[in-house]
Amino acid sequence: MVRIAVLEDNAQCKKSLQSYLKKYAEENQAQFDVTCYDNGMDFICREDEKQFDLIFMDISMPYMNGMEVARKMRADGDDTFLIFITSLAQYAIQGYEVDALDFMVKPVGYFNFSLKLRKALQKLAVKQVRPKIPIQTRDGVQMIELDQISYIEVRQHNLILYTDLGELTIRGTLKEMEEQLSGYGFARCSNSYLVNLNRVTSIANGQAKLQDGSEDGVWLTISRRCKASFESALVTYLGKGGSASC
């Protein structure tokens with residue numbers, strides 16, 4: 001089920017978008033959960049805090065226009081796919097500022113709509129198999145793809161994330177990070193390290209070898225206290241189709 005939001009203050013345009021989504025779903029055996037909002041303020045202040053996979057958003061809306069909504073979303077670490085709808089094509093250029101996926105110029109026809117929607121759904125399918133988590137840094141919220149993280153080290157009151165893009169230091173505890181990553185294939189090998197099980201290539205002499213982007217990889221000690229739970233987590237991960245090997 002793909003969760004879609006439609007932000008449009010024009011009743012006729014909103015009705016058209018709803019009918020297009022219904023038609024596309026029927027033609028392609030897709031399932032959409034569609035929620036409509038009359039303006040950006042209603043969307044931002046929604047009480048149910050509903051999360052979406054894709055948003056169709058008019059740029060010109062009362063109270064809070066589409067660009068303002070998008071900037072607020074991105075500042076909060078929300079990387080939901082956005083497709084802007086506008087009456088003037090030149091306004092769509094602003095979409096690059098907020099990493100919009102695409103845009104459509106009114107009046108929107110079904111053929112063009114279906115092409116844009118298909119492209120969005122294809123990208124969404126890729127995104128969903130590469131989950132991300134929001135990380136609070138000094139510069140704001142940063143979305144990190146989990147498969148880019150090799151391991152996480154706690155050092156005093158800081159967490160150091162060793163990723164394919166380099167090291168990232170944030171404030172926090174390993175327990176909090178462990179809870180945040182629960183269910184995503186991470187496990188402690190000691191009180192100091194939280195390991196991405198997909199990066200484990202071998203276990204020998206009380207150590208786990210991880211791929212960390214370097215030629216030789218990195219070896220982390222498996223503590224006696226964590227040995228049983230770590231090896232059990234690794235076996236369970238492999239049993240679910242993980243690609244680690246040992």
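Computed from heavy atoms alone, side chains included, the values below leave out hydrogens, waters and symmetry copies. Because the structure is predicted, anything quoted here is derived from the model rather than measured.
In this structure, Tyr151 and Tyr162 have parallel ring planes: the angle between them is below the 30° cut-off, well short of the 60° mark.
Atoms NZ and CD, from Lys227 and Glu231 in turn, are 3.5 Å apart once rounded to the nearest 0.5 Å. Put simply, CD on Gln211 and CZ on Arg199 are 6.5 Å apart, with the number rounded to the nearest 0.5 Å. Annotation: the span from Gln142 atom CD to Ile133 atom CD1 amounts to 10.5 Å, rounded to 0.5 Å. Of the inter-residue distances, the one linking Lys15 atom NZ with Glu8 atom CD reads 14.5 Å to the nearest 0.5 angstrom. Between the CG atom of Leu117 and the CG atom of Asn28 there is a distance of 8.0 Å, given to the nearest 0.5 Å. Separation of atoms CG (Asn158) and CG (Leu174) is listed at 12.5 Å; rounding is to 0.5 Å.
Of all heavy-atom pairs spanning Val218 and Asp212, the tightest one is CB-OD2, 3.6 Å. In terms of heavy atoms, Leu197 sits closest to Ala187 at CD2-CB, 4.1 Å. Closest of all the heavy-atom pairs between Val141 and Pro134 is CG1-CB, 3.8 Å. Here the closest non-hydrogen pair linking Asn39 and Asp42 is OD1-N, 2.8 Å. Shown here for Arg46 and Gln51, the closest heavy-atom pair between the two residues is NH2-NE2, 4.4 Å. Listed here is the closest heavy atom pair of Glu153 and Arg155: OE1-NH2, 3.1 Å.
Within the 4.5 Å cutoff, side-chain heavy atoms of Asp9 are placed close to those of Pro62. The shortest side-chain heavy-atom distance between Asp33 and Val2 does not fall under the 4.5 Å cut-off. At a threshold of 4.5 Å between non-hydrogen side-chain atoms, the residues Phe84 and Asp102 do not count as touching. With a 4.5 Å cut-off on side-chain heavy atoms, Thr173 and His157 do not count as touching. When side chains are defined from C-beta on, Ile4 does not count as touching Asp53, because their heavy atoms never get closer than 4.5 Å. Looking at heavy atoms from C-beta onward, Phe81 lies out of side-chain contact with Phe52 at the 4.5 angstrom threshold. Two residues are said to be in side-chain contact when any heavy atoms from C-beta on lie closer than 4.5 Å; Leu194 and Leu181 meet this criterion. Side-chain contact check for Leu161 versus Ile170: some heavy-atom pair is nearer than 4.5 Å.
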Enumerate, atom names and distances included, each donor-acceptor pair closer than 3.5 Å involving a side-chain atom of residues 107-115, sequence neighbours excluded.
{"from": "Tyr110", "atom 1": "OH", "to": "Glu27", "atom 2": "OE1", "distance (Å)": "2.7"}
{"from": "Ser114", "atom 1": "OG", "to": "Tyr110", "atom 2": "O", "distance (Å)": "3.3"}
{"from": "Ser114", "atom 1": "OG", "to": "Phe111", "atom 2": "O", "distance (Å)": "2.7"}

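Counting heavy-atom neighbours within 6.0 Å of Arg225 CZ, excluding the residue itself, gives a total of 12 or less. Atom NZ of Lys50 is surrounded by more than 12 heavy atoms from other residues, nucleotides or ligands within 6.0 Å. For Lys72, the NZ atom is loosely surrounded, since the number of other residues' heavy atoms within 6.0 Å does not exceed 12.
Less than 6.0 angstrom separates the ring centroid of Phe43 from the ring centroid of Tyr37.
No side-chain donor-acceptor contact under 3.5 Å links Asn196 and Tyr184. For the residue pair Thr80/Asp78, the side-chain donor-acceptor check at 3.5 Å is satisfied.
Using a 4.5 Å cut-off between side-chain heavy atoms of Ile, Leu, Val, Met, Phe, Trp and Tyr, with links allowed through other members, Ile59 and Val105 fall into the same hydrophobic cluster. By the criterion of side-chain heavy atoms lying less than 4.5 angstrom apart, applied directly or through intervening Ile, Leu, Val, Met, Phe, Trp or Tyr residues, Val195 is not grouped with Trp219; the two fall into different hydrophobic clusters. Residues Tyr63 and Met73 share a hydrophobic cluster, clusters being chains of Ile/Leu/Val/Met/Phe/Trp/Tyr side chains in contact below 4.5 Å. Residue Met143 is not grouped with residue Leu82 when hydrophobic side chains (ILVMFWY) are merged at heavy-atom distances under 4.5 angstrom, including chains of intermediate members.
Looking only at distances, no side-chain donor or acceptor of Thr221 sits under 3.5 Å from a matching main-chain atom of Ser223.
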Using the side chain to side chain contact (heavy atoms under 4.5 Å, CB included) rule, take Lys116 and Lys119 through it: C-alpha gap first, then chi angles, then the decisive distance, then the call. CA-CA 5 Å; Lys116 305 283 188 180; Lys119 184 175 79 170; 5.5 Å; no
Going through the distances and angles, do Leu7 and Met61 end up as a side chain to side chain contact (heavy atoms under 4.5 Å, CB included)? CA-CA 9 Å; Leu7 279 66; Met61 293 186 292; 4.0 Å; yes
Could you walk me through whether Met57 and Val69 satisfy the side chain to side chain contact (heavy atoms under 4.5 Å, CB included) test, starting with their C-alpha distance in whole Å, then the side-chain angles of each, then the deciding distance to 0.1 Å, before giving a yes or no? CA-CA 9 Å; Met57 182 153 51; Val69 173; 3.7 Å; yes
Could you go through Ile83 and Met104, starting from their C-alpha distance and side-chain angles, then the distance that decides it, and tell me whether this counts as side chain to side chain contact (heavy atoms under 4.5 Å, CB included)? CA-CA 7 Å; Ile83 295 181; Met104 291 183 285; 3.9 Å; yes
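Partners of Lys209 according to the side chain to side chain donor-acceptor pair (under 3.5 Å) rule, which considers only residues two or more places apart in sequence or in another chain, do not exist here.
The pair Asp79-Arg74 fails the salt-bridge criterion, with no side-chain N (NZ, NE, NH1 or NH2) lying under 4.0 Å from an Asp/Glu carboxylate O.
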